[in-house]
Every structure is written in C-alpha cells, then in structure tokens.
Amino acid sequence: TEIGTSQFSFALQDGAWTVTQADQFTGLTQTAEMKISADTLEPLGEQKTIQATNTNITVTTTYQDGKVGIKANVNGKQQSAAMDVPPKAIDNDQLLMTLRALPFAEGYKATYPILVTQNALKVDMTVTVQKQEQVQVPAGTFNTWPVRMTTSQGTQTAWYQVDAPHNLVQYDNGTNRMVLTQG
C-alpha cells in the first residue's frame, strides 16, 4: 500500500553538495536540506521541517570544530543541544545519499557513527555490501548492490544501482519500503 513519496535532489555550489529530500506521507510532510562537503562528504549543516497533526518542528544544525550545534523549534518552544562529532560521522539525513560513494565490492564492511540530530543521538552502524542482485521496481529492472545497515535498533537494506552514479533503487527500513518510480 502506497503511503507517500520521497523526492531527492542535488546541487553543487561553492564546494558543497546540497541534498534536498521532500517527503509527503499520509499525515506527515517533511523537508530536509542537508549541506555536505564535496571533498570529504562530511556534514556541514541542515535545515529541516516536520509537520503533522498537532506537530510543527523546525531543526537547524551547524557542524563546526568537531561539534554539531542543534537548534529546534517544537510547536513554538525553542530547544537547543550540542553533540561531539566523531571521525567519519555521517548525519542520518545524508546517509542514504552518502552511501552511494561506498567502494562497492561484495563483502565490503565498515562501521560509521550516525548522528540523529533531531533526537541528539549517536548510533554506530555497520554497513556491509552484499552480493549483486537484480531488482525490479516501477522505474525498471536494475542490477544492484544491496547494502545492509545494522545498528542496535535493527537492520535496514538499501539497493544501489551497480552502474555509476549508483542511484538508490530501493530501500527497506524493516517497516516501510521505498522504490524508485522514475530516474
């Protein structure tokens, strides 16, 4: 059953990628604009809005000097927090698009700290590239690299097109599945 859509777009300007994700789900609208260093793929900052019934949230993050500053407005109430940024950290909102830069090879495995800034939470994620698999979605049939992402909270899988630029073809977080409908 379809519950909504997610649309990703990219722009490169002044040495930084801007990755925009716009989600429209039943009862939820979410927009995130994440800035990422074009050279290192390190997070630089984000502006995010979340709207649902009785919920209006804006989160702004700024990464600088090994820390991330988090400012939030939750239903009119201002909140702030800060977190240390460990080496090789990936912001959760950049994760699916940043994994496109993995050195895809069956058996590749690495662990990354993932920062879920809207909750001021850090989780370690182990990423493992699986054996190539053919996947059929509404946009067509693709040869993919399945990438298993494991944390203490569970396992997710993303399927990336074998051919560069390794587009995300399918994603399953254990509850919901996203599929590519158009390239």
Passing candidate, ring-ring contact (aromatic ring centres under 6.0 Å, His included) with His166, options Trp145, Phe104, Tyr160
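Only one option passes, and that is Phe104.
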Can you see whether Thr144 engages Gln161 through a side-chain donor-acceptor pair at a distance of less than 3.5 angstrom?
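Short answer, no.
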Establish, from distance only, whether the side-chain atoms of Thr60 and Gln47 form a donor-acceptor pair under 3.5 Å.
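Yes.
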Got a second to check how far [X]'s [atom1] is from [Y]'s [atom2], nearest 0.5 Å?
| X | Y | atom1 | atom2 | value |
| --- | --- | --- | --- | --- |
| Glu46 | Thr117 | CD | OG1 | 5.5 Å |
| Ile50 | Gln30 | CD1 | CD | 4.5 Å |
| Met83 | Thr61 | CE | OG1 | 10.5 Å |
| Phe10 | Thr18 | CZ | OG1 | 11.0 Å |
| Leu44 | Gln64 | CG | CD | 10.5 Å |
| Met34 | Asn92 | CE | CG | 10.0 Å |

Pick from Gln21, Glu33, Gln118: which one makes a side chain to side chain donor-acceptor pair (under 3.5 Å) with Lys48?
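Checked Gln21, Glu33, Gln118 against Lys48; only one passes side chain to side chain donor-acceptor pair (under 3.5 Å): Gln118.
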Among Thr151, Thr150, Thr111, whose side chain to side chain donor-acceptor pair (under 3.5 Å) with Thr126 holds?
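The passing option is Thr111.
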Can the positive tip of Arg100 be found less than 6.0 Å from the middle of the six-membered ring of Phe8, inside 45° of the ring normal?
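Not satisfied by the 6.0 Å and 45° rule.
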Residue pair [X] / [Y], side-chain heavy-atom distance below 4.5 Å:
| X | Y | result |
| --- | --- | --- |
| Pro113 | Asp124 | yes |
| Met149 | Ile114 | no |
| Leu95 | Met125 | yes |
| Val85 | Glu42 | no |
| Glu106 | Gln132 | no |
| Tyr63 | Asp91 | yes |
| Val127 | Val147 | yes |

Closest approach of Tyr108 and Pro103, non-hydrogen atoms and distance?
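Distance-wise, the nearest heavy atoms are CE1-CG, 3.4 Å.
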Nearest heavy-atom pair of Pro146 and Lys131: which atoms, and what distance?
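Smallest heavy-atom distance, with atoms named: CD-O, 3.2 Å.
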Starting from [Y], can I reach [X] by hopping between I/L/V/M/F/W/Y residues whose side chains sit under 4.5 Å apart?
| X | Y | value |
| --- | --- | --- |
| Leu180 | Tyr171 | no |
| Leu96 | Val179 | no |
| Ile57 | Leu121 | yes |
| Leu168 | Val137 | no |
| Trp159 | Met97 | no |

Sequence neighbours excluded and cut-off under 3.5 Å, please list the side-chain donor-acceptor pairs for residues 71-82, or say none.
{"residue": "Asn73", "atom": "OD1", "partner": "Gly76", "partner atom": "N", "Å": "2.9"}
{"residue": "Asn75", "atom": "OD1", "partner": "Asn56", "partner atom": "N", "Å": "2.7"}
{"residue": "Asn75", "atom": "ND2", "partner": "Asn54", "partner atom": "O", "Å": "3.3"}

Are the side chain of Asn167 and the backbone N or O of Val169 linked by a donor-acceptor pair below 3.5 Å?
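No.
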